[in-house]
Amino acid sequence: MTTHSPTSQKRAAIILAAGQGTRMKSPLPKVLHPVGGRAMLDHAIDAAQALGCERIVVVVGAHSPQLRAHVAKRLGEAAIAVQDPPLGTGHAVRAAEGLLGDFDGQVVVTYGDVPLLKAADIEPVFAVSDGVAVIGFEAREPGAYGRLVMEGDTLSAITEAKEASAEVLAITACNSGVMAAPAGLLFSLLAEVTNANAKGEYYLTDVVELARKRGAPTRAVMASEDSVMGVNAQDELAQAEALFQKVQRETFLAAGVTMAAPETVHFAWDTEIGAGTTVEPFVVFGPGARIAEGARIRSFSHIEGATVATAAEVGPYARLRPGAALGEGAKVGNFVEVKNVAMGKGAKANHLAYLGDGSVGAGANIGAGTIFCNYDGFFKYRTTVGEGAFVGSNSALVAPVTIGAGAIVGSGSVITRDVAAGDLALGRGQQTTKTGWAARFMDTMRAKKAAKAK
Ligand code: UD1
Ligand code: MG
């Protein structure tokens, strides 16, 4: 037997994403649909990177410029292999040969539509350094999956359901599709694969029997069915999301986050929450949320791209958008939207406000109905509120503008010029009071109404 062990421990990945995804019935390419707020393809790339794959090739079809652009942005043009037309999984892997044919190391084949598979699940396939290893799973309903035909520890073949005898169809150990082998071995085996089968496709799975014929070891390592689930239609995408959320909820509960109704809280792939933080029911975290220890996120809040420090309180019904940064003990209350604004220690905006592009100093108080007017229809400008300042209710701060430390803005003001530290600014119509006018008016009107009723 010739040995195919690579001379190095280098790893590469080929991620298949050439399918059209027609069953999604969506204009967005299938693998760009998100799970946990991140494209499924990016989950697959994350896993490949976490495995230490120094080269990653994504096999795309000829039909999607959007997918190409996505891959090019993350990995560069050189990571793209085009399979056109798609003639089967074996053919798809061969499409990467031009980019990886010279690679001296092990190659793992993964899929852009298998979003829950983690590096730790894939890692065991690399243990077989001189043969072919696949990830299998026990299928609840084996259906159309390829069956793992075992002889003791050896995987003697993967038989596609369409080619299988009744006896083989009874096998419940199935092929996830993930396979690893030394690059040289993989491509030389693939060169022997034909499309003489029920589907007329080049099956990647045929390399198992071909490897056996050459005397190379062939193994299967098992993973959970949930971790290898593939997404083909919207219901499966929702199912993948549900599984993803379940894991996130369990992870945060185990890490000391208090949640009375975890099943109502939605997390993103990169959400961070410190121990001792309470997350009330019906909170949604978009990507990029970092919540420190001992904070409180109250019901119906939406948090994305924002950081929240210890002892800060958000909501109920608050929206933190990208760039919102709440300092220690800061408070953002109901119907307050914060975008790209840093709020200092203990700063407060408790009701009905829009704070966009600027900063609020420590201990400052932003009254109900305050608006940072940050946009003139063309450009955006910053509003700076100094430490300990007090902005009265229903004020419009027209940016660019600075309210100095300890300054006061009277309620209902439209502030267009800077206010120095310690000053009071009033930008509103003057109040006039007419003594006794209302009483006289009401008396007259009451008398008129009584006369009419007679
Ligand atoms: C494949 C496996 C089967 C396994 C199942 C797991 C083969 C022959 N069969 O079957 O053993 O149980 O996956 O889900 O490999 N793709 C391309 N180009 C192609 C064909 C497919 O990129 O020409 C991609 C698809 O986008 C998809 C993946 O490969 O992500 C699997 O292809 P699919 O046609 O669904 O294979 P199955 O018949 O399901
Ligand atoms: Mg399939």
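These values consider heavy atoms only, across backbone and side chains, with no hydrogens, waters or symmetry-generated copies. Counting convention: from 1, in listed order, for ligands and their atoms alike.
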Within the structure, does at least one protein heavy atom fall under 4.0 Å of [atom]?
atom: atom 28 (C) of ligand 1; result: yes
atom: atom 32 (O) of ligand 1; result: yes
atom: atom 22 (O) of ligand 1; result: yes
atom: atom 9 (N) of ligand 1; result: yes

Closest candidate by heavy atom, reference [atom], pool [options]:
atom: atom 11 (O) of ligand 1; options: E160, M229, K162; answer: E160
atom: atom 12 (O) of ligand 1; options: I14, N175, V31; answer: N175
atom: atom 14 (O) of ligand 1; options: Y203, Y202, F137, Y145; answer: Y145

Just let me know how [X] lines up against ligand 1, side chain, backbone, both or neither, with a heavy-atom cut-off below 4.0 Å.
X: Q83; result: side chain
X: N232; result: neither
X: A92; result: side chain

Between [X] and ligand 1, does any nitrogen or oxygen pair lie at a separation below 3.5 Å?
X: K30; answer: no
X: Y111; answer: no
X: T89; answer: yes
X: A18; answer: yes
X: G88; answer: yes
X: L204; answer: no
X: L16; answer: no

Under 4.0 angstrom from ligand 1, any heavy atom of [X]?
X: R147; value: no
X: V59; value: no
X: C174; value: no

Notebook entry, point to check: Taking the six-membered ring where the residue is Trp, are the ring centres of F267 and F244 under 6.0 Å apart?
Noted result: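 No, they do not, as the ring centres are separated by 6.0 Å or more.
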So that I can tick it off, tell me whether [Y] and [X] are bridged by a salt bridge, with the cut-off set at under 4.0 angstrom between side-chain N and carboxylate O.
X: R38; Y: D270; result: no
X: D357; Y: K339; result: yes
X: D226; Y: K246; result: no

Give a yes-or-no answer on whether the side chains of [X] and [Y] include a donor-acceptor pair shorter than 3.5 Å.
X: K30; Y: N232; result: yes
X: H91; Y: Q83; result: yes
X: Y381; Y: D376; result: yes

Notebook entry, point to check: With distance as the sole test, does S301 use its side chain to make a donor-acceptor pair with the main-chain N or O of P316 at under 3.5 Å?
Noted result: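 Pair absent, no side-chain N/O of S301 close to backbone of P316.
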Item checked: Exam field: side chain T384 to backbone T402, donor-acceptor pair closer than 3.5 Å ->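 Checked: no pair found.
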Check: So which protein heavy atom does atom 30 (O) of ligand 1 come closest to, and at what separation?
Finding: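 Checking every protein heavy atom, the shortest distance to atom 30 (O) of ligand 1 gives D113 OD2, 3.0 Å.
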Next item on the list: Could you grab the distance from atom OG1 of T89 to atom OH of Y202, nearest 0.5 Å is fine?
Entry: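 With rounding to 0.5 Å, OG1 (T89) is 12.5 Å from OH (Y202).
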Next item on the list: Could you label the plane-to-plane angle of the W269 and H43 rings as parallel, tilted or perpendicular, counting under 30° as parallel and over 60° as perpendicular?
Entry: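 The arrangement is perpendicular - the two ring planes meet at more than 60°.
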